[in-house]
Each structure stands twice: as C-alpha cells, then as structure tokens.
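Written below as structure tokens is the structure these notes are about.
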Amino acid sequence: MHRRILAPGALAAASLLLAIPASAASYSPGAPGIGDPYYPYYGNGGYDVSHYDLRLQYQPATDELAGTATILARTTQDLSSFDLDFLLDVSEVRVNGVKAGFAASGQHELVVTPKSPLAKGTQVTVVVRYSGVPSTKSAYGFDTWHRTPDGAVAADEPEAAWWWYPSNDHPLDKATYDVSVAVPDGTQVISNGLLQSTSSQRGWTRYNWRQNKPQATYLTTLAVGKFDITTSTSEGGVPVVNAYSKDLGDNDGAARASVERTGELVDWLSGYFGPYPFSSAGGYVPNTTTGYALETQTRVYYSPRQFANGANTSVVVHELAHQWYGDDVSLKGWKDIWLNEGFARYAQWLWSEHEGEGTTQELADYVYASHPADDAFWTVKPGDPGPDDQFDIAVYDRGALAVQALRNAVGDDAFFAILKGWPREHAYGNASVADFEAYAEKVSGKSLSGLFDAWLFQPSKPTAPAFRAAVAPVQPKSWKRIEATNDVH
C-alpha cells in the first residue's frame with residue numbers, strides 16, 4: 001500500500017473541495033461574448049433572456065436617463081457570474097431579489113456576480129438600477145445615441161441597446177418587451193409594438209409600449225420628442241402607427257407621402273411573404289442628422305434625409321420587407337446578413353416591377369452589366385462579407401442578384417413558395433444562410449449548392465447566361481430611387 005503525501009497547501013485545498021458540493025466545481029463565469037466571430041464581445045454566454053421590462057424617466061433638456069431594467073432569463077450553464085452589455089452608470093443589481101456584485105469591464109461589459117451561484121436551468125430575475133447621460137458615452141470610438149432638438153433617438157445596427165438598457169445584445173437572444181418611459185408633459189415617446197396606456201402626474205407623462213413577439217435587441221427603438229402621430233388600419237387589418245417630428249421642415253411632406261403608405265405596402269408585401277407577423281406596423285421620422293433608415297421592429301426608423309429629394313416608397317418597401325426577413329426571422333450570426341439585406345433589396349425590385357418601372361430581371365441585367373469582372377464589387381462575398389463589408393453595397397445588390405439567380409434556377413412556382421414559406425418555417429426564430437440553402441433545396445427539389453457558392457461565397461463575377469451583359473446597360477426607371485436607399489439598413 002502506498003501513501004500519497006500532500007503538501008499542507010494541497011491538504012487545505014482538498015479540505016475546501018470536500019466542503020463544497022461536487023456540482024459546485026462546474027460553476028464558471030458566462031462568456032463575455034455570445035460567440036459571433038464578427039463581434040467577439042457582443043452578446044453574452046450562459047443565459048437566455050425571455051423578457052425585458054424597462055421603466056425609465058428621461059429629461060430631454062439635459063439628456064439625463066434613469067430607471068430600472070428587469071430582465072427575465074434562464075441560465076444555460078452553471079454560472080458563477082455573467083455579463084450584460086451596458087454603458088450607463090449602475091447603482092444596484094439584484095439577482096432573484098438579492099443584491100449582487102457588479103463591475104464594469106472592457107469597452108461595454110457589466111459583470112454581475114450573484115451572491116449565490118446559479119445552477120443551469122434556473123429561472124432568473126435580474127434588476128438593474130441605473131442612470132446617466134447617454135450622449136456622453138461611447139465604445140469602440142463611436143456612439144449610437146442621437147440627440148434631436150427636442151429629445152433623442154436610439155436606433156442603430158448592429159448595436160444600440162448599450163446606451164439605454166442592459167441586455168444580451170445579439171440577435172440570437174430575442175425577447176419580448178415592455179418599455180415604459182416618463183417624459184415632461186408635452187413630450188412624447190415612441191417605441192415598438194403597441195401603446196398600452198399613458199398617464200400624467202406632476203408634470204410628467206408616462207408612455208407604456210409593449211412588444212409581444214420576440215425581438216432582437218438592435219431592433220428595439222426609443223424616440224423622445226414632439227411628434228405628430230397618425231394611426232390607421234391597413235385593408236388587411238394591421239394597425240399602423242406613424243410619427244413625424246414637428247420640425248422636419250421641407251422634408252415633412254415627402255416623408256408623410258412615403259411613410260403614410262405603410263399599410264398599403266404591408267398588405268402588398270404580405271402577398272409575397274405571408275401574413276404580417278406582428279401586432280402593428282409603422283414608422284417614425286425624427287429630426288436627426290443621420291442618413292440611414294433601420295428596420296426597428298414594427299416601428300421603422302427613417303432619417304429625414306431619405307426624403308430630401310422627394311417621396312420614396314422604395315425605402316419604405318425595403319424596411320417593411322425586413323419585418324419578415326430580419327425581424328421575424330433573424331440571423332444566427334452577423335455573417336448571415338444576406339438573409340436580411342439581399343431580400344429587402346429584392347423586395348424593392350419587386351415593387352419596381354409592380355409600379356411598371358423595371359422588372360426584376362431588367363434590374364438584375366442592369367446591375368450585372370454595370371459591374372465588370374475586375375470591379376471590386378465582386379470581391380465582396382454576400383454570404384460571409386466580413387465585419388468591414390457587412391453593409392457594403394454588394395451585400396445588397398449582389399445579394400439581390402443571388403435572389404434573382406435562384407428564381408431563374410428553380411422557376412417562379414418554387415421561388416415564390418420559398419419566399420413565402422421561409423418566414424413561416426423559422427417564425428420568430430433565427431436562421432443561417434446554410435439553413436436557407438437547405439430550405440430552398442427542399443422546396444424546389446433541386447441541388448443548389450453550386451448556385452449559392454457562386455453568388456454568395458466566391459470573390460469573382462459569376463457566369464450568368466440568364467443575365468444580359470450589355471456594354472451600355474439600360475437603366476430602369478426605378479433605379480435612381482433604389483440607388484437613393486444605398487445607405488439604409
């Protein structure tokens with residue numbers, strides 16, 4: 001019999017281990033990122049959020065935001081600590097009613113250490129009390145909180161939440177929302193979903209918005225200011241809520257002439273993509289200096305600059321198409337951005353055809369012929385463009401070419417079945433480009449790997465007998481309005 005000799009330190013450690021339940025050895029910190037190679041520190045590991053309840057107060061004059069976020073989640077591993085993505089100043093964190101430790105880390109991480117470790121599968125309620133001036137905060141050299149003359153707007157991609165609420169900031173972790181914000185009387189609050197109620201007390205008015213379908217964090221929006229709000233119901237029965245800053249100036253008429261067609265366009269898109277997936281639709285146009293639009297779920301954000309040259313329904317079609325392709329079915333990783341932008345761009349092509357301003361094939365011919373083989377346009381791979389080229393025009397235009405190439409390959413019957421069936425197949429979930437390829441093959445009965453590889457993953461111009469490569473391509477009538485949306489998301 002041999003005796004094992006342990007040093008005193010080892011004996012102490014062994015005694016400590018004996019005092020801890022065997023399962024405790026598995027407790028470890030949740031990862032500071034969800035695992036997306038494009039953005040390694042976006043999102044977090046170790047838990048899955050089901051609901052955010054945000055109860056806030058905002059003072060437009062000073063840009064001061066304060067409030068409480070209550071986060072309902074379930075652990076997906078044995079957790080000793082976990083991260084939230086957040087930038088404002090935190091005064092208290094509670095986990096399941098008990099005060100927890102917390103500390104800022106890195107560029108945008110809030111590390112929370114519960115008093116007791118959390119076993120895998122535990123339902124968790126996290127309460128974060130916080131305050132701050134969002135416009136003074138930045139991460140990685142940028143900010144996404146936009147001040148306006150009468151308030152502020154949170155709307156950006158791929159991140160915007162850090163500036164106004166703590167979250168697991170990645171599309172993989174979608175959740176429902178209650179957003180309640182108090183502002184001085186005379187100021188209004190716009191957010192996602194439907195307005196549940198308002199109440200006024202002591203000079204403050206509280207607006208309570210609810211999003212009852214799963215929503216990615218970057219699709220959550222907040223707008224505070226003085227708005228003209230219009231409400232209606234589409235012919236297909238979808239409630240529509242639109243809002244316009246009262247100081248849009250010369251852009252006001254063109255903005256309204258575009259965005260007020262939301263109900264009509266939702267119904268039209270439903271013919272291609274299936275029933276509208278959310279409780280309401282609409283958009284808002286605040287007085288910002290940004291140039292982009294964004295598909296914030298149910299309440300699209302539009303910059304006034306989108307309407308500087310007149311009405312443009314094409315941008316409204318693009319953002320509403322995202323309600324199915326991007327919002328209802330969200331990407332698994334940011335490399336899957338083609339599933340959002342390629343199809344939203346193709347919806348603009350379908351609208352062009354509907355308006356008699358150029359068919360989808362004519363637009364495809366034009367784009368294909370406009371970029372010679374040595375154009376850098378073809379070096380961007382829409383199926384995995386990389387973070388620097390995530391919103392490159394090739395993701396949109398070459399992406400839409402890929403959609404037309406698919407249509408040409410499988411025929412209209414299968415193509416439109418794919419277009420409508422995809423949002424139903426992955427409703428309120430997440431999917432990848434590989435998932436779409438598999439679905440398209442299942443519906444069409446064709447092998448499509450070569451097509452997808454050529455159009456989405458090869459850094460060269462595909463051979464395309466179905467596309468005319470004219471030396472002097474004819475520009476479709478709709479092209480200028482489509483091109484004007486090149487900086488939207």
Side-chain angles (χ1 to χ4, degrees), residues 52-70 86-92 127-138 143-156 160-167 177-211 220-231 241-249 251-252 255-256 259 280 282-290 294 296 298-304:
Y52 293 93
D53 184 276
L54 309 178
R55 189 170 180 85
L56 312 174
Q57 180 170 301
Y58 179 69
Q59 174 54 263
T62 57
D63 195 39
E64 292 176 280
L65 179 71
T68 302
T70 301
F86 197 43
L87 290 175
L88 296 186
D89 304 319
V90 175
S91 59
E92 181 181 85
V127 177
V128 182
R129 300 184 188 278
Y130 59 92
S131 62
V133 179
S135 59
T136 65
K137 303 295 184 180
S138 65
D143 64 78
T144 67
W145 181 262
H146 309 295
R147 293 298 306 277
T148 62
D150 54 12
V153 170
D156 218 326
W162 314 341
W163 282 261
W164 65 289
Y165 71 97
S167 68
Y177 284 79
D178 281 305
V179 176
S180 174
V181 185
V183 291
D185 288 347
T187 299
Q188 295 145 299
V189 176
I190 304 296
S191 192
N192 312 81
L194 284 171
L195 183 64
Q196 303 297 296
S197 63
T198 60
S199 59
S200 296
Q201 186 176 14
R202 297 179 181 177
W204 292 81
T205 301
R206 180 168 292 278
Y207 292 79
N208 301 298
W209 291 88
R210 171 166 292 174
Q211 174 56 272
T220 311
T221 194
L222 177 68
V224 176
K226 298 181 187 299
F227 297 99
D228 178 28
I229 298 174
T230 68
T231 60
V241 180
N242 295 322
Y244 308 89
S245 283
K246 293 184 177 180
D247 54 358
L248 290 179
N251 293 327
D252 183 79
R256 292 171 187 265
V259 178
S280 70
Y284 70 98
V285 190
N287 188 10
T288 61
T289 58
T290 63
L294 180 64
T296 37
T298 70
R299 195 100 325 104
V300 173
Y301 163 79
Y302 298 99
S303 162

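Not measured: the values here are computed from a predicted model. We use all heavy atoms of the structure for the numbers below, so side chains are in, but hydrogens, waters and symmetry mates are not.
For the atom pair CG of Leu54 and CG of Leu65, the computed distance is 9.5 Å after rounding to the nearest 0.5 Å. Within the model, atoms OG of Ser180 and CH2 of Trp209 stand 12.5 Å from one another, a figure rounded to the nearest 0.5 Å. Going from atom OH of Tyr207 over to atom OG of Ser199 covers 10.0 Å, rounded to the nearest 0.5 Å.
A side-chain donor-acceptor contact under 3.5 Å links Arg206 to the backbone of Leu56. Distance alone, capped at 3.5 Å, is enough to place a donor-acceptor pair between the Tyr130 side chain and the Trp164 backbone. A distance-only check finds no donor-acceptor pair linking the side chain of Gln211 to the backbone of Asn192 [under 3.5 Å]. In this structure a side-chain-to-backbone donor-acceptor pair under 3.5 Å is present from Thr296 to Tyr301. Using modelled atom types, one side-chain atom of Arg299 and one backbone atom of Gly193 make a donor-acceptor pair closer than 3.5 Å. Under a 3.5 Å cut-off, the side chain of Trp145 and the backbone N or O of Ala152 do not form any donor-acceptor pair. One N or O on the side chain of Asp63 and one on the backbone of Ser135 form a donor-acceptor pair closer than 3.5 Å. Under a 3.5 Å cut-off, the side chain of Lys226 and the backbone N or O of Gly186 do form a donor-acceptor pair. Of the possible polar contacts, none joining the Asn242 side chain to the Gly282 backbone as a donor-acceptor pair under 3.5 Å is found. In terms of modelled atom types and a separation under 3.5 Å, the side chain of Thr68 and the main chain of Arg129 share no donor-acceptor contact.
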Would you sort out whether Lys137 and Asp143 count as a side chain to side chain contact (heavy atoms under 4.5 Å, CB included), showing the intermediate values? CA-CA 7 Å; Lys137 303 295 184 180; Asp143 64 78; over 6 Å; no
Take Asp156 and His146, measure what side chain to side chain contact (heavy atoms under 4.5 Å, CB included) needs, and give me the verdict at the end. CA-CA 10 Å; Asp156 218 326; His146 309 295; 3.8 Å; yes
Check against side chain to side chain contact (heavy atoms under 4.5 Å, CB included), Val241 and Ile229: CA-CA 7 Å; Val241 180; Ile229 298 174; 4.0 Å; yes
Apply the test side chain to side chain contact (heavy atoms under 4.5 Å, CB included) to residues Asp228 and Arg256: give CA-CA distance (whole Å), side-chain angles for both, the deciding distance (0.1 Å), then the verdict. CA-CA 11 Å; Asp228 178 28; Arg256 292 171 187 265; 2.8 Å; yes
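Nearest heavy atoms, Tyr52 versus Pro166: CE2-O, 3.5 Å. Across all non-hydrogen atoms, the minimal contact from Thr187 to Pro60 is CG2-CG, 4.2 Å.
In this structure, Leu88 and Ser131 have side chains that are not in contact, with every pair of non-hydrogen atoms separated by 4.5 Å or more. Two residues are said to be in side-chain contact when any heavy atoms from C-beta on lie closer than 4.5 Å; Ser191 and Val181 fail this criterion. Two residues are said to be in side-chain contact when any heavy atoms from C-beta on lie closer than 4.5 Å; Thr62 and Val133 fail this criterion.
Using a cutoff of 4.0 Å between basic side-chain nitrogens and carboxylate oxygens, Asp150 and Lys246 are not scored as salt-bridged. A salt bridge links Asp178 to Arg210: at least one charged side-chain nitrogen sits closer than 4.0 Å to a carboxylate oxygen.
Classification of the Tyr165-Tyr177 ring pair by plane angle, with boundaries at 30° and 60°, yields perpendicular.
For Tyr244, there are no ring-ring contact (aromatic ring centres under 6.0 Å, His included) partners two or more places apart in sequence or in a different chain.
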